[in-house]
2 protein chains.
Amino acid sequence: MGSTRDKIITASNELFRRYGYNGTSLAQISEASGATTGSIYHFFPGGKVDLGVAVVNTTGSIYRELFEAIAGAAENPVNGVYDVFVGAAATLEETDFIDPCPIGTIAREVANVSDPLRRAAADAMNSWIDAVTAHLTAAGVDDDAARALGELSVSAIEGGFVLARSRRDASVLVRSGEQVTKLIRDAVDAAPLTQRSGT
Amino acid sequence: MGSTRDKIITASNELFRRYGYNGTSLAQISEASGATTGSIYHFFPGGKVDLGVAVVNTTGSIYRELFEAIAGAAENPVNGVYDVFVGAAATLEETDFIDPCPIGTIAREVANVSDPLRRAAADAMNSWIDAVTAHLTAAGVDDDAARALGELSVSAIEGGFVLARSRRDASVLVRSGEQVTKLIRDAVDAAPLTQRSGT
DNA sequence: TGAGCATTAGAGTGATCGTTCTAGCCGCGA
DNA sequence: TCGCGGCTAGAACGATCACTCTAATGCTCA
């Protein structure tokens with residue numbers, strides 16, 4: 001079920017990443033998804049904004065799950081976030097520097113114009129920060145410190161995308177990941193031993 | 001001289017920050033600047049891209065000088081970058097969360113579409129990183145470490161703008177500034193005493 | 001004053017924008 | 001077989017897009 005709807009969201013996601021939100025037309029989305037204008041407005045009665053919100057919500061959930069999968073597979077809690085930076089850099093190079101994240105682009109374009117889109121973007125990024133915070137508190141870091149590191153991680157990745165795509169060189173993400181990891185290591189080392197988990 | 005040209009660039013800068021690059025029309029720029037279409041194409045024969053490049057170059061220089069002014073006025077080398085984060089947060093709140101930086105927005109929108117704009121954005125951000133690097137090496141930090149911290153600073157600020165504007169809460173910039181400052185303090189403390197300058 | 005040129009004025013171009021609308025298709029329950 | 005509602009098809013709408021073009025203006029320097 002929802003196959004046409006899914007195709008519309010998937011096509012929009014890719015187009016937004018490549019051309020931005022305002023830079024993508026519904027005609028492009030129609031052609032790329034194989035859905036007609038009628039279908040798009042059937043599933044997204046609010047038009048382009050409705051569609052944008054759906055893309056942001058969907059991508060937000062996917063990336064949160066991706067973070068949890070990567071961080072969960074890390075050999076130790078300190079390296080979980082670093083692995084995400086490295087993975088993002090690899091993705092960027094493999095896709096010829098297409099934006100890996102439509103949310104940051106949409107947020108910057110329309111944060112002052114569309115409240116629904118702004119809120120959806122905030123919710124998505126907050127959910128990532130929640131995930132990083134949970135990951136670090138599980139390693140014994142206190143909540144405030146963990147959250148500050150989560151915010152820095154998300155900011156550094158989103159900002160790193162801008163820098164990496166402009167330069168057409170993703171290595172900055174790896175270097176920023178190393179810097180953030182230093183802070184995470186210090187925070188984990190400072191945690192009371194009794195609260196630490198993991199190896 | 002260049003008064004009309006300047007007005008066009010200033011108006012475009014403000015509109016790009018508020019509505020994005022693709023979200024701003026030449027008609028809006030014409031009205032906001034008081035210049036006619038003819039004048040815009042007289043000064044920017046390449047049209048919107050030409051204008052965008054000029055906005056990026058101009059803003060890039062201004063922000064580089066602003067960083068140097070703020071960092072130079074800091075009471076010690078460690079706090080220079082932190083003061084920039086705090087200043088950015090204050091600006092964001094004073095302007096009702098209008099994007100302080102048109103360059104990040106333009107870069108994300110058109111990095112895969114317009115090479116001149118992509119390169120101009122890269123040049124601007126690289127010049128900021130050069131400035132941070134120079135600031136830190138003057139405090140004795142070795143060049144590679146200083147550059148990595150410069151890259152993280154610019155990424156964290158650009159990414160922080162996305163997060164702060166979506167949340168309509170600029171405090172994340174202050175917290176990220178604190179985290180980055182920890183790394184800078186460690187780097188300065190690790191520098192050989194003979195190379196340190198400042199108090 | 002008058003020639004020459006940078007600049008401004010603004011109507012007009014075809015293309016494309018997001019959106020609306022009506023007609024028809026399809027599969028399923030009775 | 002019929003009817004109905006979810007879904008699709010795609011033409012059409014007015015608005016607006018980036019851009020072009022021809023004239024006219026105003027400033028400078030002789």
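Sequence lines set the chain letters: A, B, ... in the order given, protein chains first and strands last, and positions in each chain run from 1.
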So does A:Asp144 pair up with A:Arg147, basic N to acidic O under 4.0 Å? no

Using distance alone, with no hydrogens and no angle criterion, decide if A:Asn13 and A:Thr59 have a side-chain donor and acceptor under 3.5 Å apart. yes

What is the 5' to 3' range of DNA chain D, first to last nucleotide, that sits under 4.0 Å from any heavy atom of chain A? D:dC7 to D:dG10

Are A:Arg64 and A:Glu68 ion-paired here, with the side-chain N under 4.0 Å from a carboxylate O? yes

Check every strand shown and say whether B:Thr24 touches a base, only sugar-phosphate, or nothing at a heavy-atom separation below 4.0 Å. sugar-phosphate

Nucleotide C:dT7, atom P - distance to CZ of B:Arg5 in whole Å: 11 Å

Closest contact, heavy atoms only, B:Ala191 versus B:Gly140: CB-O, 3.2 Å

Between N or O atoms, less than 3.5 Å apart, protein on one side and nucleotides 8-16 of chain C on the other: list the pairs.
residue : atom : partner : partner atom : Å
C:dT8   : OP1  : B:Thr4  : OG1          : 2.5
C:dT8   : OP2  : B:Ser39 : OG           : 3.1
C:dT8   : O5'  : B:Ser39 : OG           : 3.2
C:dG10  : O6   : B:Gly38 : N            : 3.4

Thinking salt bridges, do B:Glu151 and A:Arg167 make one under a 4.0 Å N-O criterion? yes

Nearest whole Å is fine: how far is C:dC17 P from A:Leu26 CG? 9 Å

Roughly how far, to the nearest 0.5 Å, is the CZ atom of B:Arg168 from the CG atom of B:Asp96? 4.5 Å

Tell me whether A:Val56 shares a hydrophobic cluster with A:Ile98, the cluster being built from Ile, Leu, Val, Met, Phe, Trp, Tyr side chains joined at under 4.5 Å. no

Distance from B:Trp128 atom CH2 to B:Met125 atom CE, nearest 0.5 Å? 6.5 Å

May I have the distance from B:Asn22 (atom CG) to C:dG18 (atom C1'), rounded to whole angstrom? 15 Å

